[in-house]
Amino acid sequence: MPLHEYACEDCGRKDTRLVLKREDEGALKCRHCGSGRLKRLISRVAIHRTEADRLAALDTSRQPDEAYYRDNRNIGLRAKKRMQELGVDLGDAFEEKLEKARTTTNLEDLTSD
Ligand SMILES: [Zn+2]
């Protein structure tokens with residue numbers, strides 16, 4: 001899926017958008033403030049590689065600190081690591097749910113400003 005994450009250069013909010021053609025990118029508008037100045041963030045491939053690194057570094061025997069919970073990318077990471085340790089395959093549906101939970105702007109609304 002040609003999903004990309006964008007950050008609005010005016011209000012700073014992030015959003016995941018479906019962009020089928022590269023030239024459609026210029027027509028994107030921020031859903032929060034209507035600005036046309038959206039900047040594409042790192043690709044999903046990069047996000048997944050980063051997640052693998054974070055998973056490897058995660059120690060499930062210790063309680064994570066506050067900063068860990070503030071980071072959207074950590075949503076579900078602990079559960080996933082535990083499942084991996086138990087040898088449970090969560091499948092693609094779980095991955096998609098995680099992706100949604102991580103890219104929603106609601107959590108950022110709570111923690112920004
Ligand atoms: Zn905006």
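As the structure lists them, so they are numbered: ligands from 1, and atoms in each ligand from 1. Nothing fancy with the numbering, it's 1 onward along the sequence. As the structure is a computational prediction, the values presented were derived from the model and not from experiment.
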**Q** Any donor-acceptor pair under 3.5 Å linking the side chain of Arg17 with the backbone of His4?
**A**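 Looks like no, no N/O pair under 3.5 Å.
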**Q** Counting no waters, what protein N/O/S atoms lie under 2.8 Å from the Zn ion (ligand 1)?
**A**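 Under 2.8 Å from the Zn ion (ligand 1) - ignoring waters, which are not counted - the protein N, O or S atoms are Cys8 SG, Cys11 SG, Cys30 SG, Cys33 SG.
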**Q** If we count only N and O atoms by modelled type, under 3.5 Å, do the side chains of Glu9 and Ser35 hold a donor and an acceptor together?
**A**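 Absent: no donor and acceptor within the cut-off.
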**Q** Looking at residues at least two apart in the chain, or sitting in another chain, which of them share a salt bridge (charged side-chain N to carboxylate O under 4.0 Å, His left out) with Lys80?
**A**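 Residues passing salt bridge (charged side-chain N to carboxylate O under 4.0 Å, His left out) with Lys80: Glu51, Glu95.
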**Q** Excluding sequence neighbours, so at least two apart, what forms salt bridge (charged side-chain N to carboxylate O under 4.0 Å, His left out) with Asp24?
**A**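 If we apply the salt bridge (charged side-chain N to carboxylate O under 4.0 Å, His left out) test to Asp24, skipping adjacent residues, there are no hits.
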**Q** Please identify each residue that fulfils salt bridge (charged side-chain N to carboxylate O under 4.0 Å, His left out) with Glu25, with sequence neighbours left out.
**A**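 Here the qualifying residues are Arg22, Arg40.
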**Q** Just to verify, which of Arg78, Glu85, Lys81, Gln84 counts as forming a side chain to side chain donor-acceptor pair (under 3.5 Å) with Thr60?
**A**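 One option only clears the test, and that one is Glu85.
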